Enquirer: 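Handing you a structure now.
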Amino acid sequence: MILIRVKNRILLLLQLLLVMTYIIFEELIWEGVAKPIYEAIHSLKILQTLEHKLQDANPSVILVLFVGLLILVEAFGLYAGVLFVSGQMLLGLLLYLSKIPIAAFTFWLFRVSEAKLMRFGWFKWLYEKIMGTIDWLKSQPIYHDTMLQLGRLKRYLKQIKRQYFSNKSQFLLKIKALYHHIKGSLKR
C-alpha cells in the first residue's frame with residue numbers, strides 16, 4: 001500500500017518534470033525566441049533558393065546535414081548546461097542563446113526536407129515515437145492543469161502591465177517624473 005503510493009507520487013513527479021520541461025521549451029524558448037528567428041530565416045530569399053536546391057538533393061546528404069546540425073545544437077545546449085552548473089552563468093547563457101539561430105535553421109531544414117528524411121525507416125520510426133511522446137504529455141491532466149495555471153499567470157501579468165506600465169498609468173508617469181527630477185538635479 002505504501003509502496004504503491006510512493007510509486008504513484010514518483011510517477012506524478014516525473015510527469016510534472018517532463019511537462020514543465022516541455023512547457024519551458026515550447027512556451028519560452030520556441031514561442032518567445034526560436035519561432036521569430038525561424039520565421040525570419042524562412043523569409044530570407046537565399047533560403048528560398050536553398051529550399052529549391054534541397055528538393056533536388058540526395059536524401060542521404062540531407063540526413064547527414066540535418067543530423068550534424070542537430071548534434072551541434074544539442075552539444076551547445078549540453079555545454080551551456082555544464083557552464084551554468086560550473087558557475088559561468090553569462091558564458092553559458094551566451095552559448096545557449098547562440099544555439100537558437102542554428103536550431104531554428106535546423107528546424108527549417110527539417111520542415112522543407114521532411115518527406116526525404118521520412119524515407120529512412122529508422123528516422124521515421126524515431127520521429128513518430130518522439131511525436132507520440134509529446135502527444136502523450138499533452139494528454140496528461142497535469143499538462144492541462146499546468147497550462148491553465150500558466151494561462152492565469154499570463155493574464156495576471158498582462159493586467160499588471162496594463163495597470164502599471166501603460167503610457168497613461170499614474171505609476172509610470174510618477175516614475176518618469178522622478179527620473180527627470182533626479183536627472184535634472186544631477187545636471188546642476
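Atoms considered below: every heavy atom in the structure, side chains included; atoms not considered: hydrogens, waters and symmetry mates. Small disclaimer: the values here were computed from a predicted structure and weren't measured.
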Enquirer: Does the pair Tyr156 and Ile160 meet the rule for a side chain to side chain contact (heavy atoms under 4.5 Å, CB included), with working shown?
Expert: CA-CA 6 Å; Tyr156 177 71; Ile160 288 175; 3.1 Å; yes
Enquirer: Could you state the interatomic distance from NE2 (His144) to CD1 (Ile142), rounded to the nearest 0.5 Å?
Expert: 11.5 Å
Enquirer: Can you give me the closest heavy-atom contact between Gly92 and Ala80, atom names plus distance?
Expert: O-CB, 3.4 Å
Enquirer: Show the atom names and distances, to 0.1 Å, of all donor-acceptor pairs under 3.5 Å that link a side chain in residues 121-128 to residues at least two apart or in another chain.
Expert:
none

Enquirer: Would you call Leu117 and Glu114 a side-chain contact if the rule is heavy atoms closer than 4.5 Å?
Expert: no
Enquirer: About how many Å separate CG of Leu109 and CD of Glu51, when rounded to the nearest 0.5 Å?
Expert: 10.0 Å
Enquirer: Counting neighbours of CG on Leu3 that are heavy atoms of other residues, nucleotides or ligands and sit closer than 6.0 Å, is the number greater than 12?
Expert: no
Enquirer: Are Ile102 and Leu78 connected, step by step, through hydrophobic side chains (Ile, Leu, Val, Met, Phe, Trp, Tyr) whose heavy atoms are closer than 4.5 Å?
Expert: no
Enquirer: Quick one: pull up CG in Leu54 and CG in Leu50 and give me the separation to the nearest 0.5 Å.
Expert: 4.5 Å
Enquirer: Within this structure, what is the CD1-CZ distance for the pair Ile100 and Phe76, rounded to the nearest 0.5 Å?
Expert: 12.0 Å
Enquirer: Mark yes or no for whether Lys99, through its side chain, and Glu74, through its backbone, hold a donor-acceptor pair below 3.5 Å.
Expert: no
Enquirer: For the OG1 atom of Thr106 and the CG atom of Leu65, what is their distance to the nearest 0.5 Å?
Expert: 8.0 Å
Enquirer: Is a donor on one side and an acceptor on the other found under 3.5 Å between the side chain of Gln140 and the backbone of Trp136?
Expert: yes
Enquirer: For the hydrophobic clusters of this structure (ILVMFWY residues joined by side-chain heavy atoms under 4.5 Å, transitively), does one cluster hold both Met89 and Leu97?
Expert: yes
Enquirer: Report whether Phe110 and Met131 are members of the same hydrophobic cluster (ILVMFWY, side-chain heavy atoms less than 4.5 Å apart, transitive linking).
Expert: yes
Enquirer: Is there a path of hydrophobic side-chain contacts, each under 4.5 Å between heavy atoms of I, L, V, M, F, W or Y residues, that connects Phe66 with Leu72?
Expert: yes
Enquirer: Quick one: do Tyr79 and Leu94 end up in the same hydrophobic cluster if we chain Ile, Leu, Val, Met, Phe, Trp and Tyr together by side-chain heavy atoms under 4.5 Å apart?
Expert: no
Enquirer: Please give me the minimum heavy-atom distance between Ser113 and Ile62, naming the atom from each residue.
Expert: OG-CG2, 3.3 Å
Enquirer: Taking Gln55 for the side chain and Val112 for the main chain, is one N or O donor matched with an acceptor at less than 3.5 Å?
Expert: yes
Enquirer: Rounded to the nearest 0.5 Å, how far apart are CG of Leu153 and CG of Leu148?
Expert: 12.5 Å
